[in-house]
Amino acid sequence: MQNVVTGCTLVLNDAARRLVLAAPPPPPGTMHDWWCYLLVSGAGGAMRFDPEPGLLYRQHGANAVGTQPSLLRRGLAAFTRGPERFLAVFSGHLERLRPAAPLLTAEARETLALVAPLLTLPRRERLRRLRRAGLYRQGAAEDAVLRVWLLMPPGMAAPASLPGISPPGGAGSR
C-alpha cells in the first residue's frame, strides 16, 4: 500500500533481478522502486534495510518526487492530490500483479485475490476484506486516509478516468 524503498538506494540480488524481469512492467504512475518492492516482497523475498547511510539525499523545491518535510505538509499534499490518483495507481498495481501471480507466494496470491475486486464491492465487504488482507500504511494518519479513500462510494473517485488504467473488472482485466 505504500512505497518504502527509495530507488537510488535499491539493490537487487540476482534472484530478485530475474523476478523483476520475468514480471510485467510497472503500471503507469508507479515508480520502478515501488514495483520492485511489490514484486520481491510478494514473492517472499527479504527486504533488508542498512542503517548506515550510503549516500547523501538532498531534497529541494524542484524535486520531481520526494517527501514533504513535515507530517502536516505530507497530509496536505495527499489531500491536494486527492483519491483519484492513489486509487488509479492501486488499480494499476492490481491489474499488473494478476499476470505476475505465478511468481508470488501462495499467501500473496490469496491477498491479491481478496483485494482485486475491492473497488467494485459494497463498502461493508470492502472493510471486511481490508481487515482480512491486513493492508495498511506506515503512519496512523496515512492509514486513516487510505481507509477513507478505499471505502468511498464507487464512482466518487473513478480510477478509469486516468489514461492506461482500468479498474478491476474493467477493460483489460482477466
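Just so you know, these numbers come straight off a predicted model, no measurement behind them. Residue numbers run from 1 in the order of the sequence given.
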Novice: Can you give me the closest heavy-atom contact between A100 and L39, atom names plus distance?
Specialist: CB-CD2, 4.3 Å
Novice: How close do L118 and L150 get, counting heavy atoms only, and between which atoms?
Specialist: CD2-CD1, 4.2 Å
Novice: Of all the heavy-atom pairs spanning G29 and V89, show the shortest one and how long it is.
Specialist: O-CG2, 3.9 Å
Novice: Counting distance only, does the side-chain N/O of R109 pair as donor-acceptor with the main-chain N or O of L104 below 3.5 Å?
Specialist: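 Yes; judged by distance alone, with no hydrogens or angles, the pair exists.
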Novice: Test F86 against L146 for side-chain contact (heavy atoms from CB on, under 4.5 Å), laying out the working first.
Specialist: CA-CA 9 Å; F86 171 80; L146 164 74; 3.4 Å; yes
Novice: Are F49 and W34 in one and the same hydrophobic cluster, where Ile, Leu, Val, Met, Phe, Trp and Tyr link if side-chain heavy atoms are under 4.5 Å apart?
Specialist: yes
Novice: Write down the atom of V20, the atom of C36, and the distance for their closest heavy-atom approach.
Specialist: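 Scanning both residues completely, I find the closest heavy atoms to be CG2-SG, 3.9 Å.
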Novice: Do V148 and F90 belong to the same hydrophobic cluster, where Ile, Leu, Val, Met, Phe, Trp and Tyr are linked whenever their side-chain heavy atoms lie under 4.5 Å apart, directly or via other members?
Specialist: yes
Novice: If you group Ile, Leu, Val, Met, Phe, Trp and Tyr by side-chain heavy-atom gaps below 4.5 Å, do V11 and M47 land in one group?
Specialist: no
Novice: Rounded to the nearest 0.5 Å, how far apart are CG of N13 and CZ of R48?
Specialist: 8.5 Å
Novice: Might you point out which heavy atoms bring T30 and H93 nearest each other, and give the distance in Å?
Specialist: OG1-NE2, 2.8 Å
Novice: Going from CZ on R147 to CG on L135, what distance comes out if it is rounded to the nearest 0.5 angstrom?
Specialist: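 Output value for this atom pair is 7.5 Å.
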Novice: State, to 0.1 Å, how close V40 and A16 come at their nearest heavy-atom pair, and which atoms those are.
Specialist: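 Looking at all heavy atoms of both residues, the shortest contact is CG2-CB, 3.8 Å.
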Novice: Report yes if some heavy atom in the side chain of R96 is under 4.5 Å from a heavy atom in the side chain of P28; otherwise report no.
Specialist: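 Heavy-atom side-chain distance check passes, below 4.5 Å.
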Novice: Is R126 reaching over with its side chain to a backbone N or O of L121, donor-acceptor style, under 3.5 angstrom?
Specialist: yes
Novice: Determine whether more than 12 heavy atoms belonging to other residues, nucleotides or ligands lie under 6.0 Å from atom CD of E125.
Specialist: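 Atom CD in E125 is crowded, with more than 12 foreign heavy atoms closer than 6.0 Å.
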Novice: Can any side-chain N or O of W35 pair as donor or acceptor with the backbone N or O of P24 at less than 3.5 Å?
Specialist: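 Yes, because the side chain of W35 sits within donor-acceptor range (under 3.5 Å) of the backbone of P24.
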Novice: Hey, what do you get for CG (D33) to CG (L38), rounding to the nearest 0.5 Å?
Specialist: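 Here the rounded value is 10.0 Å.
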